[in-house]
K.L.:
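Take this structure, written in structure tokens, and hold onto it; I'll ask about it next.
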Amino acid sequence: MSVTDTTASIATPLKPLPKPVSPSRQVWQMFRQNHSAMIGLFILFAIIVISIFGPSLYTVSPRDMVWMPLTPPGQSEYLLGTDYLGRDLLAGLINGGRVTITIGFSAAVLTILIGVTIGALAGFFGGRVDNVLMRVTEFFQVLPNLLFAMVVVMLFSPSLINIAIAIGIVSWTSTARLTRAEFLKIREMDYVKAERSIGAGNARLIWKVILPNAAPPLIVVAALSIGSAILFEAGLSFLGLSDPNAMSWGRMIGDNRPYILDSSWGVTFPGIAIFLTVLAISLVGDGLNDAINPKLRQR
């Protein structure tokens, strides 16, 4: 090889290395390839937008008697007809979505807070702490959830806050068990032992070292718990344990239940709204599970 060829080869610039993809971007790329999850995300986004901005655009009050009772859809200026009191069903759906989704998200947040806290403490410390917290978890787990929630709501009045608290109190046990299992596995990892060897305290190990690495399955559980909370709220409202001053989809079904054989639209439309919302949340949760869990990415 001549000196000129050697010089030319040395002068040839090296190709830049590709930029590493961040974990969150990688998860989004995997999630975006899941068509059913994207459909669920679109449906959920549309329902949330309609629930937030719909009452400002469609100003009919869901509590006002605007037409003859039990008017079928398409037979008046009100698109979805009226209920047994002559109230606009479309207005009830739009306004009820805001209440139902708010309760669902609030109850899910409370469920995650209680479950993660108890599960993290039990899995990290083990021993007596684990035994005590798991006995408490088992106590709540064997209670009939619906009956216990009904008792809580009846004791403290059926307000929106109390309903969300009641759902959160009875729904955290599975989250606690999952968090405990993740902590029991991760606390024995080398990087956790390294943090402990350099003097990291228990609080740092729990919340800043172990919990971020245990977060992926907990994120999926948090997403799915929103749908469970919405169904739970609908069940309580169907039984009449709802805030009388707030319109929700479950309450619409409960109010129109006696007329289901003659005027099924009063139950059908809020039932479809609940079905679509929970289905969308389930599709998003499954998509997150596939995107976050590396074992499922090639499925």
Side-chain angles (χ1 to χ4, degrees), residues 17-34 36-38 40-41 44 104-138 140-141 168 171-229 281-299:
L17 295 175
K19 294 182 179 180
V21 181
S22 64
S24 59
R25 186 176 181 84
Q26 187 178 9
V27 168
W28 168 245
Q29 290 175 352
M30 296 300 301
F31 182 86
R32 192 172 55 185
Q33 296 174 6
N34 190 325
S36 61
M38 290 301 296
L41 183 63
L44 182 61
F105 274 88
S106 301
V109 169
L110 183 59
T111 298
I112 295 301
L113 286 176
I114 298 175
V116 168
T117 301
I118 292 181
L121 294 176
F124 181 79
F125 290 106
R128 291 184 177 179
V129 175
D130 184 20
N131 289 332
V132 171
L133 293 179
M134 284 301 99
R135 298 299 82 75
V136 173
T137 303
E138 291 170 359
F140 279 90
Q141 198 166 17
S171 306
W172 58 268
T173 54
S174 58
T175 304
R177 287 192 170 278
L178 176 62
T179 306
R180 173 180 177 270
E182 291 294 319
F183 267 69
L184 287 174
K185 178 179 64 176
I186 296 175
R187 73 176 184 177
E188 303 299 331
M189 297 291 183
D190 291 338
Y191 60 86
V192 178
K193 295 179 180 179
E195 286 283 343
R196 191 189 299 273
S197 66
I198 62 176
N202 291 336
R204 174 177 173 80
L205 290 174
I206 292 174
W207 305 115
K208 293 187 177 181
V209 178
I210 301 179
L211 184 59
N213 290 280
L218 298 180
I219 293 174
V220 176
V221 170
L224 296 177
S225 64
I226 298 173
S228 299
I281 293 172
S282 299
L283 292 176
V284 171
D286 290 340
L288 285 174
N289 191 29
D290 292 346
I292 291 175
N293 192 339
K295 295 181 181 179
L296 300 177
R297 289 180 181 175
Q298 303 301 325
R299 192 174 62 180

K.L.:
How many angstroms lie between atom CG of Asn34 and atom CG of Leu288, to the nearest 0.5 angstrom?
P.N.:
9.5 Å

K.L.:
Just do the side-chain contact (heavy atoms from CB on, under 4.5 Å) check on Phe125 and Leu133 with the steps written out, would you?
P.N.:
CA-CA 11 Å; Phe125 290 106; Leu133 293 179; over 6 Å; no

K.L.:
Drop me the distance from Asp290's CG to Phe31's CZ, to the nearest 0.5 angstrom.
P.N.:
10.0 Å

K.L.:
Which residue pairs pass the ring-ring contact (aromatic ring centres under 6.0 Å, His included) test with at least one member in residues 172-196, sequence neighbours excluded?
P.N.:
Phe140-Trp172

K.L.:
Using every non-hydrogen atom in the two residues, find where Ala108 and Ala229 come nearest and quote the distance to one decimal.
P.N.:
N-CB, 4.4 Å

K.L.:
List the residues meeting salt bridge (charged side-chain N to carboxylate O under 4.0 Å, His left out) with Arg128, not counting sequence neighbours, and say none if there are none.
P.N.:
none

K.L.:
With no hydrogens and no angle check, is any side-chain donor or acceptor of Asn131 less than 3.5 Å from a backbone partner on Gly127?
P.N.:
yes

K.L.:
Please evaluate residues Arg196 and Asn202 with respect to the criterion side-chain contact (heavy atoms from CB on, under 4.5 Å), reporting the C-alpha separation (whole Å), side-chain torsions for both, the decisive distance (0.1 Å), and the verdict.
P.N.:
CA-CA 8 Å; Arg196 191 189 299 273; Asn202 291 336; 4.0 Å; yes

K.L.:
Please examine the side chains of Arg187 and Lys193, heavy atoms only from C-beta on, and report whether any two atoms are closer than 4.5 Å.
P.N.:
no

K.L.:
To the nearest 0.5 angstrom, please state how far the NZ atom of Lys185 sits from the CG atom of Asn213.
P.N.:
10.0 Å

K.L.:
I need the Glu195 CD to Leu205 CG distance, nearest 0.5 Å.
P.N.:
6.5 Å

K.L.:
How many angstroms lie between atom OG1 of Thr117 and atom CG of Leu211, to the nearest 0.5 angstrom?
P.N.:
9.0 Å

K.L.:
Where do Gln141 and Thr173 come nearest, in terms of heavy atoms and distance?
P.N.:
N-CG2, 3.9 Å

K.L.:
Looking at every non-hydrogen atom in both residues, tell me the closest pair between Pro217 and Ala214 and how far apart they are.
P.N.:
CD-O, 3.4 Å

K.L.:
Heavy atoms only: give me the nearest Met134-Ala122 pair and the separation to one decimal.
P.N.:
CE-CB, 3.9 Å

K.L.:
Closest heavy-atom contact between Ala120 and Ile206?
P.N.:
CB-CG2, 4.1 Å

K.L.:
Could you walk me through whether Met38 and Gln33 pass the side-chain contact (heavy atoms from CB on, under 4.5 Å) test, one step at a time?
P.N.:
CA-CA 8 Å; Met38 290 301 296; Gln33 296 174 6; over 6 Å; no

K.L.:
Could you check Leu121, Thr111, Thr179 and say which one makes a side-chain contact (heavy atoms from CB on, under 4.5 Å) with Val116?
P.N.:
Thr179

K.L.:
Find out whether Ser36 and Asp286 are in side-chain contact, i.e. whether some heavy atom of one side chain is under 4.5 Å from a heavy atom of the other.
P.N.:
no

K.L.:
To the nearest 0.5 angstrom, please state how far the CG atom of Leu283 sits from the CG atom of Leu44.
P.N.:
10.0 Å

K.L.:
If every non-hydrogen atom of Leu110 is compared with every non-hydrogen atom of Gly168, which pair is closest and at what distance?
P.N.:
CD2-CA, 3.9 Å

K.L.:
Just wondering, do Glu182 and Leu218 contact through their side chains at under 4.5 Å, heavy atoms?
P.N.:
no

K.L.:
Please test Arg177 against Glu138 for salt bridge (Lys or Arg N to Asp or Glu O under 4.0 Å), starting from the C-alpha separation and ending with a verdict.
P.N.:
CA-CA 10 Å; Arg177 287 192 170 278; Glu138 291 170 359; 3.5 Å; yes

